There are 2 protein chains.
Amino acid sequence: MMPERDLQYLTELAAQLRVDSVRAAAEAGSGHPTSSMSAADLMAVLFACHLHYDFENPDNPANDHLIFSKGHASPLLYALFKAAGVVDDKELLTFRRRGSRLEGHPTPRLPWVDVATGSLGQGLPVGVGVAMAGRLERMPYRVWVLCGDSELAEGSIWEAAEHAGCEGLANLTAIVDVNRLGQRGPTRHGWDTGAYARRFGAFGWHTIEIDGHDPGQIDYALNDARNTRRRPTVILAKTRKGEGALEVENREGAHGKPLKEPDKAVDELGGRRDLRVEVHKPEAPAAPYRFESRPMSLPAYKVGDKAATRTAFGEALAALGAARGDVLALDGEVADSTKAEAFGKEFPERFFEMYIAEQQLVAAAVGLQVRGWKPYAATFAAFLTRAYDFIRMAGVSRASIRLVGSHAGVAIGEDGPSQMGLEDLAMLRAVYGSTVLYPCDANQAAALTAELADVEGVSYLRTTRGETPVIYPPDERFPVGGSRVLRHSPDDRATIVAAGVTVHEALAAADELRGAGIPVGVIDLYSVKPVDTAALVEAATTTGNLITVEDHRLEGGLGDAVMDAVSELGPRVVKLAVTGLPGSATPEEQLADAGIDRHAIAEAVKRLL
Amino acid sequence: MMPERDLQYLTELAAQLRVDSVRAAAEAGSGHPTSSMSAADLMAVLFACHLHYDFENPDNPANDHLIFSKGHASPLLYALFKAAGVVDDKELLTFRRRGSRLEGHPTPRLPWVDVATGSLGQGLPVGVGVAMAGRLERMPYRVWVLCGDSELAEGSIWEAAEHAGCEGLANLTAIVDVNRLGQRGPTRHGWDTGAYARRFGAFGWHTIEIDGHDPGQIDYALNDARNTRRRPTVILAKTRKGEGALEVENREGAHGKPLKEPDKAVDELGGRRDLRVEVHKPEAPAAPYRFESRPMSLPAYKVGDKAATRTAFGEALAALGAARGDVLALDGEVADSTKAEAFGKEFPERFFEMYIAEQQLVAAAVGLQVRGWKPYAATFAAFLTRAYDFIRMAGVSRASIRLVGSHAGVAIGEDGPSQMGLEDLAMLRAVYGSTVLYPCDANQAAALTAELADVEGVSYLRTTRGETPVIYPPDERFPVGGSRVLRHSPDDRATIVAAGVTVHEALAAADELRGAGIPVGVIDLYSVKPVDTAALVEAATTTGNLITVEDHRLEGGLGDAVMDAVSELGPRVVKLAVTGLPGSATPEEQLADAGIDRHAIAEAVKRLL
């Protein structure tokens, strides 16, 4: 039993957190005070009794990790930071103002926030990744994730439940604030914490059901979670939304808005306080375990041979794994296709089988990079669409993750449209701060695979299923943002811009056109974002006619990247891309049917001129 | 007990399905025979004894629905169609050939296929939608979904399990082919059907574990499923991948490729057969229940007033619901924000609360339109990214669904980047056959909401959180593919192209510029895809200078749509769009910070000229 004095302190602290949540939202004129108030007791006990965190040194590798999966409870998080002494009252009241670090939903602009949340159902999957990192680096830190009950409807939560449950991530605790009210009304299960317990239990979790406003029960549950071995724990805490203020307590229609009478609520809650919470610092930090590094020797492919860029990626990743102990690989149960298996065979400890759960695949990568690891997450390009919201939020988090999408485009052949990555360039280009690369040969793919290790933000490597001719010698560098001029003469009447498989089609078309007396240039635009504006401007200026050709939909891909780079110059641009709905056919037939093969390119050039 | 004669027939039929799967893949030189062989007994018994389907009339509303969620088992599906007499042996051997209806993964090019599958984890959620339709239209048909065990790792499966379990969709049966082998190796749970049963049981399903190669057990389970009330049923069938052919039976490394010695396997399986299966036809079709229709009266907003386009959408949807009994609305637990609640209040029977499960939200819409309903699925634009793979596959299915994304762009203000739809135009434009609309005022939003009801394919309406001035009179029509010229003079030196909130910024900028002696045109490009090429070409030709401005990322949105339309003409185009990472701020501050407000537009025009 917790001493009465401690219980009283915790109750007071929770009241302060509620008061400050109400005040911050009132001052901002928006925000989610009621969603904060339901979880205040849970977080007060966590901060005062169980969290180990060195607020003076957020980079202390022994720090616990706290993720607000219900990111809209940001007023509570900021009130906690105030109680911990790292945010002052003046800053608290800048909540949601232009320029404030205290954004509507938490982002890593705050040094104590690992990842941006606010898109529900993401914090727990990312927490799984941080917990995986803890196991990998043999650190005793714990990962605490505050979830809402509404967000348990997201499938991504159950991908996380499955991974954590099966892997026995005992360093992970989900604290679910079961306040029974979603945004527009009651949740599906209301206060039936048993419904959630049955589900988490079936997925292998230790489950505890408590009254989320009883500090003693909360303390017991958090202790239980810390002492549970071989299983993650979920604490299902029955709470009342808006707890403590009659105006909003357990009422519908009080989501996501400030209280009408905040002063009255503050009075009800006992007025302002200025309690401090002394968060335990972690034990003197042990150094996180790191894997050894050796000199790198990238695979080399002979010019004139044929090899698939996906194979080169796999072999390069294995070489990179030898050279760098911080490189990891994650697989969406297709490692034999993406060729990430080459890494898995060499470095099983650093290879994570995430099965067919692409959201958790990406979220795990985000969680692992929180601790400085360099994850490469690979699946079919088409199936990365499954994780778009996670990729988008990784951009907001400024997370450095590397995504690899194989089986790009119609060139995969017979498998048909469900397996073709045709929207991936559009999807990845639109992500904040992203890098998008698309190699055309094996040596380039290997070089770019290595290059990505130190690229910041969300980066993407697009690979091809079939073999393509090796056209570059080994050991050449292909910097991000660069391109290669493959054909060029002063007489060029147009320039063909291509990447990946279409580079080879473009070269064949250029040769055919030259034979017909029409010299054209060819640019390999392997860096689709950032794009080599200088080279494109040069081509646009000298030939005035650009033909872009890509194995991707017409919208948002390489052609748009090229147009964007030269739009203010006003050259004529013809875009060749996939516009129809492919069926099954051989790769060659597919390229022809889509109008992106050598003949289609040559025709387009002739038509343009 | 089933008579011995029937058991023997079923065994023979299953052997034929295996033989034909082996033959089809062998002839194609690719495909998934082993994934077909494991499920052959399950499907033989289903077709012979339990499916009710009129193959002569695929549109018979009383037909059961069969969805191969494990779409890669297409050889089995086509072998079934052959046994049912609707595909002949010659066509079977066109599997995966150019032009064949028998694609690598099933698509609705075949009249007996409702939706395209092949991206795992989608068939069951779509099946939930078809089962919802059955309940809505009071038809006794059943929905049978063949799932793989690997795909149970997808979160979308658990969104489906939750919805079907909580709604008690007893007309839905999932048949899981637990063959223990995924693409690259063993699944997480192997043959532990209990692991899956615990999970489905926790989500409220009736569960049956059987030997998936025993026709008697299969028959018993399918009967049990048909007779179970108030709960969906999952049949967890332990099977062996490649069953029946020693070369591949229960072996790793035999996924997704034809057998090396197909003739030998055919011999092992007892050789070719030409059995027919007499699939029961459904009872004489009752007419599906349809809701009544009344004359439509769209809401009208007064020019000069202010109203949010999201509000106009909600009110128009309610009006449309009165006018058309086939219109439905689905909500991702944000109906008070998207304003779809206006429909829900009027037509609770046709309003579906899908909670925060966007994949199931979209999948349910796809399933409902299989039966001819006109679903509108609404959530925040940002959160549609969660369902991108489902939207992509809806395109492949040529499904007619209407998606509505509210809270577009930085203009939402304080909530910050996690809630801002900034990639949605790029994402939706890249979908095959999509329509993308973005109204700027309430009357336009209302008109476009109604317009969408008869648009085929995936369509998207983007709405704005804040109020915008009403600039169009009520009752005007805004056809898909159109635009409106809002400012135009023969002296225009440039044309500003905008949509949504930026239309109002563009108008203000144009007025300011005119005051400064710089006349410019303004186009409201409410139809972002298809785009009004004629109007844009006209503007590009007459002024030679285009400025596009959009509350969306630079990549893949309105600016790219404009450039694409005029690229072969070569005008100068300046694109204004969101390039940085927004924080919290007021809507006005956000537009200014992103460089897409009236001042930024005016500056850009001056700079360009």
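Please read these numbers as outputs of a predicted model, since none were measured by experiment. Residue numbering restarts at 1 for every chain, and letters A, B, ... go by the order of the sequence lines.
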field: Closest-packed option against chain B by number of heavy-atom pairs under 4.5 Å, given A:Arg386, A:Glu333, A:Glu103
entry: A:Arg386

- prompt: Taking the six-membered ring for Trp, are A:His32 and A:His255 parallel (under 30°), tilted (30 to 60°) or perpendicular (over 60°)?
  reply: perpendicular

- line: If one checks every heavy atom of B:Ala116 against chain A at 4.5 Å, the contacting part turns out to be neither

- prompt: Between NE2 of A:His72 and OG of A:Ser150, what distance do you get to the nearest 0.5 Å?
  reply: 7.5 Å

- line: Honestly, the part of A:Gln122 sitting under 4.5 Å from a heavy atom of chain B is both

- request: Examine whether an atom of B:Asn545 lies under 4.5 Å from a heavy atom of chain A, and if so say whether it belongs to the side chain, the backbone or both; otherwise answer neither.
  value: neither

Selection from B:Lys529, B:Arg101, B:Gln360 maximising heavy-atom pairs under 4.5 Å formed with chain A: B:Lys529

- request: Quick one: which of A:Gly31, A:Ala585, A:Ala153 has the most heavy-atom pairs under 4.5 Å with chain B, could you say?
  value: A:Ala153

field: Region of B:Pro106 that comes under 4.5 Å of a non-hydrogen atom in chain A
entry: neither

Rounded distance (nearest 0.5 Å) linking atom CE of A:Met427 with atom CZ of A:Arg392: 13.0 Å

- prompt: For chain B, which of A:Met354, A:Lys575, A:Arg198 has the most heavy-atom pairs under 4.5 Å?
  reply: A:Lys575

task: Could you check whether the rings of A:Trp158 and A:Phe200 sit parallel, tilted or perpendicular, using 30° and 60° as the cut-offs?
output: tilted

message: Only pairs of heavy atoms separated by less than 4.5 Å count here; which of A:Leu102, A:Val566, A:Leu120, A:Ile391 has the most with chain B?
response: A:Leu120

- prompt: Charged N to carboxylate O under 4.0 angstrom, B:Lys70 versus B:Asp149?
  reply: no

field: Atom pair CZ/CG of A:Arg188 and A:Leu152 - distance to nearest 0.5 Å
entry: 12.0 Å

- prompt: So which part of B:Pro417 gets closer than 4.5 Å to some heavy atom of chain A, the side chain, the backbone, both or neither?
  reply: both

Options A:Gly556, A:Gly253, A:Gly583, ranked by heavy-atom pairs under 4.5 Å with chain B, top entry: A:Gly583

query: Heavy-atom distance under 4.5 Å to chain A: side chain of B:Gln359, backbone, both or neither?
result: side chain

